Protein chains: 2
Amino acid sequence: MAKHPAFAVTVDLVVLTIRADTLQALVVQRGEQPFKGQWALPGGFVHEDEDLAAAASRELQEETALSREEVHLEQLATFGAPQRDPRMRVVTVAYLALAADLPKPRAGTDAADAQWQPAADLLEGDRLAFDHTEILSAGVERARSKLEYTPLATAFCPTEFTVSELRSVYEAVWGGPLDPRNFHRKVTKSEDFLVPTEHTTTRDGGRPARLYRCGPVNLLHPPLLRVGRTN
Amino acid sequence: MAKHPAFAVTVDLVVLTIRADTLQALVVQRGEQPFKGQWALPGGFVHEDEDLAAAASRELQEETALSREEVHLEQLATFGAPQRDPRMRVVTVAYLALAADLPKPRAGTDAADAQWQPAADLLEGDRLAFDHTEILSAGVERARSKLEYTPLATAFCPTEFTVSELRSVYEAVWGGPLDPRNFHRKVTKSEDFLVPTEHTTTRDGGRPARLYRCGPVNLLHPPLLRVGRTN
DNA sequence: ACAAAAGTGTTATTATTACACCCATGA
DNA sequence: TCATGGGTGTAATAATAACACTTTTGT
């Protein structure tokens, strides 16, 4: 094989959670040039003998102190435009992480600060460093569409959750209200989506609600299509 | 920023087409070590100042002589396990290309031969070099599921095609028969999926069939779910 | 008692399936 | 005329959307 150019390879993370009924993303404030002081997605270089998913996992742990088991982590897409990093040729493999409300994030090694910000705010204008607006946008769109066809929404919930907590995830990610009664029926009838526990809770007020755990299904049949809402 | 390891970055292509009512993938026979003589997906190094999509496009052209306009090309996923290439650390960005029946492929620079082989055959056992079985598998799965929700199936058809030609794409990719009458209604009623032309053809035999072009829609509503088939 | 959220019933509309049947061509 | 696929009609079933209504708690 002929000679070939050398690239730096990084992983960047789109970490999403629901806070205050809003879809929020984890951003860090850059402590170094370029883009010093601007917000960016957390991320870092892939190590010499490290798998891509392992690098994503490690970066996630560094920023959130959460283990792989508590978070849904999947590869999102790879970005490698020649000038996306002004210093050198960097190809970044973006990962999407979803988690229930997390502890206050901690700043990583080259970050001055880390915090949650509403995804909608971050996506307007071009607030983020590098091509991170584009990466975040891809992550949000992936989350939105996977909610339709997969039980992914449960990744935003604690281990045991009520139907209305699950509904508020859909409402936050899709950005609109859903009928509580039809939603309830749909998700509870959907085979293996939710498994009921023995417990109930009144933490949401009103009549006690049954607590569920996420079931073994990978694909929802039928899907919970966003477009279902006529109006 | 600290120092970082150097990676080689390649693009690999999962090029799919329908030939003889079967989903087939383009494979090349390796002319060099490692895996010399084995079949592999076409691909190659990303150039110094080249975008990833441009590299994929270039490799596609080198193998198939087809321009970007005639082929659907989308990023699939990135593979970067530390030992996936025994020579050095290589991260590969896989692209999925779909096209109507293509001219005989030509072998690229380091390939001894290039040919179409049924995807199902390539996927059984571990026939392909490197981790290419895994990459092909991801490509086939992506195609299968995008057929449900997007008008992607038209990418396997010539510019003008009949409903039954479109149906045979679904049948080849999903691997089973569909009801011609219900399929016809579904796709023709689906808003902006197909736009009728003035022409008809009798190339499939029987009564002349109207020719369609693919419409402007990006997402099918409602989707053509695979699971629709009860039995 | 009352508010608030959980959960069930009902009805109209739409999508899906299965399959009977007619249509337009080539041989 | 007959075989072949193109295309429409129809009835049973299932999913959806809209919303009335009952249930069970906390205050």
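Just so you know, these numbers come straight off a predicted model, no measurement behind them. Order of the sequence lines sets the chain letters (A, B, ...), proteins ahead of strands, with each chain counted from 1.
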Exercise for the section: Measure the shortest side-chain to side-chain distance between B:Thr202 and B:Asp204 over non-hydrogen atoms and say whether it is less than 4.5 angstrom. Expected result: no
Handout entry: Sub-4.5 Å side-chain heavy-atom contact between B:Val195 and B:Tyr212
Key = no
Exercise for the section: Have a look at B:Arg167 and say if it touches a base, only the backbone sugar-phosphate, or nothing, with a 4.0 Å heavy-atom cut-off. Expected result: sugar-phosphate
Exercise for the section: Select base, sugar-phosphate, or nothing to describe what B:Thr188 touches, counting heavy atoms under 4.0 Å on all strands. Expected result: nothing
Between [X] and [N], is there a contact of a side-chain N or O with OP1 or OP2 at under 4.0 Å?
X: B:His184; N: D:dG6; answer: no
X: B:Thr202; N: D:dG5; answer: no
X: A:Arg185; N: C:dG9; answer: no

Once you round it to whole Å, what is the distance between [atom2] of [N] and [atom1] of [X]?
X: A:Leu178; N: D:dT16; atom1: CG; atom2: C1'; value: 13 Å
X: A:Asp204; N: C:dG7; atom1: CG; atom2: P; value: 10 Å
X: A:His199; N: C:dA6; atom1: NE2; atom2: C1'; value: 18 Å
X: A:Arg207; N: D:dT27; atom1: CZ; atom2: P; value: 18 Å
X: B:Asn182; N: D:dG9; atom1: CG; atom2: P; value: 14 Å
X: A:Asp179; N: D:dA20; atom1: CG; atom2: P; value: 11 Å
X: A:Arg210; N: D:dT25; atom1: CZ; atom2: C1'; value: 15 Å
X: B:Arg203; N: C:dA24; atom1: CZ; atom2: P; value: 20 Å

Handout entry: Comparing A:Gly206 and A:Val163 on DNA chain C - which has the more 5′ nearest nucleotide
Key = A:Gly206
Practice task
Answer with yes or no whether the side chains of B:Thr17 and B:Asp101 bring together a donor and an acceptor at under 3.5 Å.
Solution key: no
Problem - Donor + acceptor pair across side chains of B:Glu191, B:His221 (<3.5 Å) - result: no
Problem - Check: A:Arg181 side chain, D:dA20 base, donor-acceptor under 3.5 Å - result: yes
Handout entry: A:Trp174 side chain to A:Arg144 backbone, donor-acceptor under 3.5 Å
Key = yes
